[in-house]
Protein chains: 2
Amino acid sequence: MEKKLTITDIANIAQVAKSTVSRYLNGGPVSTKTREKIDKVVIENNYQPNTFAQSLKQKVNHTVGVIVPRLDSTAQVEMLRGLDAANKNDTFLIVNTYQSIERELAAIEKLRTQNVGGLIVLTANLNDELRAALADFDAPVVIQGQEEPSFHRVVMNDLASGTIVGEFAASLSPKNVLLLKIDETKDWAIGHDRFLNIQKRLSSTHITVVNSNFSIAEAKVVAQKAMQSQTFDLIIGATDRITIGALQAGLAMHQNAQYIGFGKSDLSTTVTPNLTSFEYDFYQTGKQIYKLFRMVRDNKPLNKIRIVIDGQLTIRDSTKK
Amino acid sequence: MEKKLTITDIANIAQVAKSTVSRYLNGGPVSTKTREKIDKVVIENNYQPNTFAQSLKQKVNHTVGVIVPRLDSTAQVEMLRGLDAANKNDTFLIVNTYQSIERELAAIEKLRTQNVGGLIVLTANLNDELRAALADFDAPVVIQGQEEPSFHRVVMNDLASGTIVGEFAASLSPKNVLLLKIDETKDWAIGHDRFLNIQKRLSSTHITVVNSNFSIAEAKVVAQKAMQSQTFDLIIGATDRITIGALQAGLAMHQNAQYIGFGKSDLSTTVTPNLTSFEYDFYQTGKQIYKLFRMVRDNKPLNKIRIVIDGQLTIRDSTKK
DNA sequence: TTGTAGGCGTTATCAC
DNA sequence: GTGATAACGCCTACAA
């Protein structure tokens, strides 16, 4: 816990100029003899360069802010894992905004004052204010989750997913369907796109649509209420968690429905019955996001880039009667 | 996205010396007239001071590294939320180590080179190497989760919890008990302390002890295997997730047991039946950790400080026959 | 109250 | 290959 040594200190100890030490540290040309001298001193004193001084010079900041709406979500955590896996030499500053717009704005502002070298916004759900704040940001920005033409983005192909799920759902010939979705003003991709084609494919079936939030508990309450007046034979939830809430409601209300979820949580295979679910690979998505970010930072493309991630339907017990 | 303005730039524009601008920025004495001049320029140009240059002088680094073994855990995320809530003006650098010792060592090393102003290690599970690395760290370190006398720490009172759970379990007069725990070499607090007094209180009952990891899936597999040769009427899992895995195994194997978990996940109240669980308030724990960290950083106490968090048993349907 | 002149630790440029 | 020396952007005596 002694005070940190500087490049000057070890230069003095090793009897060389500090510029030589700097060269040594950065792999510049150094004679074997002096290299050994410096080696010794550096190791003995466990020298660590001062990052601030380095960054002060280098100007390129390798800290990138990652804004995530919540951490208690498999999708988010998997994307973070993907970012980590693809990461070359950046440091991620993860900021949890707890699904609050105000916190998100504050986070952007704080990250700005911290001069992060870029911004990755997961499950971006932008209003005009956020859009403006991000557009103003003086470093590359990549967002994920929503179709925002004015930003570089990685989006899930929710329209196509809906078609696939809708077709599969139709093939089950349900009589009375419950759709548990998210308010589309809160999450357009999930609340609107994901369900658009489901509803189209089931247009000849009786459908009840109810909004929930992302928690199991809320989904259970909402589903239970819907079940008081009707009996459903197919329930599609906007996420696995939501579907699980519905499943528990179904159990409590003794309704014997089939269930379909979205996501790739470990929950789907551990709940009984195992959940049929439309799955996105969020780990790979995270990698893609990082790659896109690097691309944007390095090449500063003129046009906004859009990457689309497809998923696939995995059929499990919850849709086998 | 223009190049950043410096304090010198705005000094030039405002026709004052840069030291005056610096004083202005730091609340030093500035006349109303010049203040207004500078105000104008700063706002118009949306000036942001360079954190690196600032930190280079200030020496006190307000970036705190937070090492967390996993993010897909209610306990961890709640502690992070507590840290956020208690946070005064630090920036947390969250590093997920994915439960890997190597990654944890690497994380410590990386955080060291980043000169973080401190370290908070959640659910610290230390081996000698980690212990050494942390002891060497040239900034305050606070750990959580394990009884490590050589570190400032916040620990859960797992011994007392075990007593409470054990007594309650005994009151259910079970005939055959399954304990699903964690390998004690992997997590002493949970694997050993948490179960020590449970086993004591149930010493006159037939007990089977099996190890699992923290995932629902693994717990289910392990429990199912145990159930092949025996029928249990009480199952106690080391965490809620583990208990839920067991519960699903029980369902699959048509065993009608009672269940007790540990933790405070939203799962316990959404699963059917609702889980009786010994609950710790990890959000408050997170706050405590931050307070302890601040205390340590500011006062540099000579002795290691230990804070103990108690929990409470919440009885729900899973132990009501 | 203001401005001048260092200095924080590092890297980059240039002579040597 | 090496070593002065000048930046980087900010802060802080100190002098004016």
Side-chain angles (χ1 to χ4, degrees), chain A residues 2-42 45-63 89 91 112-117 138-139, chain B residues 2-42 45-63 89 91 112-117 138-139:
Chain A
E2 339 69 61
K3 60 175 66 79
K4 287 251 180 188
L5 290 182
T6 75
I7 207 173
T8 316
D9 294 325
I10 69 155
N12 288 148
I13 302 178
Q15 304 274 38
V16 293
K18 61 176 184 173
S19 47
T20 308
V21 179
S22 177
R23 245 180 296 115
Y24 158 92
L25 291 170
N26 298 291
V30 181
S31 75
T32 326
K33 224 172 61 193
T34 45
R35 151 159 295 114
E36 283 169 355
K37 270 200 300 188
I38 304 180
D39 252 343
K40 190 153 162 288
V41 182
V42 163
N45 300 13
N46 186 26
Y47 165 77
Q48 297 295 341
N50 182 320
T51 359
F52 298 125
Q54 287 184 150
S55 308
L56 183 57
K57 291 292 297 187
Q58 298 180 164
K59 307 293 291 164
V60 273
N61 184 340
H62 280 280
T63 299
N89 56 8
T91 298
R112 177 206 299 288
T113 70
Q114 302 200 116
N115 292 310
V116 294
D138 33 79
Chain B
E2 340 65 70
K3 59 176 65 78
K4 287 252 180 188
L5 291 182
T6 75
I7 206 174
T8 315
D9 294 325
I10 69 157
N12 288 149
I13 303 179
Q15 305 272 39
V16 293
K18 61 176 184 172
S19 52
T20 307
V21 179
S22 177
R23 250 181 291 114
Y24 158 92
L25 290 170
N26 297 291
V30 181
S31 74
T32 325
K33 225 171 61 191
T34 44
R35 152 157 294 114
E36 284 170 355
K37 271 200 300 189
I38 303 180
D39 251 343
K40 191 154 161 288
V41 180
V42 164
N45 299 38
N46 186 25
Y47 165 76
Q48 296 295 343
N50 181 320
T51 358
F52 298 123
Q54 287 182 151
S55 308
L56 184 55
K57 293 293 296 188
Q58 297 179 164
K59 308 293 291 168
V60 274
N61 185 341
H62 280 280
T63 300
N89 56 10
T91 298
R112 176 206 301 288
T113 69
Q114 303 202 121
N115 293 310
V116 294
D138 34 79

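Atom set for the values below is all heavy atoms of this structure, side chains included, hydrogens, waters and symmetry mates excluded. Each chain gets a letter, A, B and so on, in the order its sequence line appears, and its residues count up from 1.
Annotation: proximity of residues 8-16 of chain B to DNA chain D (heavy atom, distance under 4.0 Å) is found for no residue. A heavy atom closer than 4.0 Å to some atom of DNA chain C occurs in A:N26, these being the qualifying members of residues 24-35 of chain A.
Between B:A53 and B:T20, the residue anchored closer to the 5' end of DNA chain C is B:T20, taking for each the nucleotide with the nearest heavy atom.
Nucleic acid contact class of A:T6 (heavy atoms, under 4.0 Å, all strands): sugar-phosphate only.
Side-chain to base pairing of B:S19 with C:dT4: one donor and one acceptor N or O lie within less than 3.5 Å of each other.
Rounding to whole angstrom units, CD of residue A:Q48 and P of C:dT10 are separated by 11 Å. Whole-Å rounding puts the A:N50 CG to C:dG9 C1' distance at 6 Å. Computed from coordinates, the B:Q54 CD to C:dG9 P distance equals 17 Å when rounded to whole Å. Atom CZ of A:R23 and atom C1' of C:dC16 are 12 Å apart (whole Å). Atom CG in A:L5 sits roughly 15 Å away from atom C1' in C:dC8 (whole-Å rounding). If you measure from atom NZ of B:K37 to atom C1' of C:dT1, you get 12 Å, rounded to the nearest angstrom. Atom NZ of B:K18 is separated from atom P of C:dT2 by 18 Å (rounded to the nearest Å).
When DNA chain D is scanned in the 5' to 3' direction for atoms under 4.0 Å from non-hydrogen atoms of chain B, the outermost contacting nucleotides are D:dG9 to D:dT12.
A distance of 7.5 Å separates CG in B:D138 from CG in A:N46, rounded to the nearest 0.5 Å.
Every residue meeting the side chain to side chain contact (heavy atoms under 4.5 Å, CB included) condition with B:E36, not counting sequence neighbours, appears here in chain and number order: B:T32. Taking B:T63 as the reference, B:N61 meet the side chain to side chain donor-acceptor pair (under 3.5 Å) condition, with sequence neighbours excluded. Partners of A:T91 by side chain to side chain donor-acceptor pair (under 3.5 Å), not counting sequence neighbours, listed by chain and number: B:Q114. Applying the side chain to side chain donor-acceptor pair (under 3.5 Å) test to A:D39 and every residue at least two apart in sequence or in another chain returns A:Y24. For B:I7, the side chain to side chain contact (heavy atoms under 4.5 Å, CB included) partners are B:K18, B:V21, B:S22, B:L25, B:Y47, not counting sequence neighbours. By the side chain to side chain donor-acceptor pair (under 3.5 Å) test, A:S31 pairs with A:T34, sequence neighbours left out. Evaluation of the salt bridge (charged side-chain N to carboxylate O under 4.0 Å, His left out) rule for B:K40 yields B:E44 as partners, not counting sequence neighbours. Scanning for salt bridge (charged side-chain N to carboxylate O under 4.0 Å, His left out) contacts around B:R23 gives an empty result, with sequence neighbours left out.
With a 4.5 Å cut-off on side-chain heavy atoms, A:I13 and A:N45 count as touching.
For DNA chain C, if you chain together Watson-Crick or G-U pairs that step i with j, i+1 with j-1 and so on, the runs of at least three with distances under 3.5 Å are C:1-16 with D:1-16.
The two residues B:K37 and B:Q15 have their closest heavy-atom pair at NZ-O, 4.0 Å. Nearest heavy-atom pair across B:A17 and B:A11 is C-CB, 3.9 Å.
Side-chain N or O atoms of A:N12 include none that pairs as donor or acceptor with a backbone N or O of A:D9 at under 3.5 Å. Judged purely by atom type and a 3.5 angstrom limit, B:N50 uses its side chain to pair as donor or acceptor with the backbone of B:F52.
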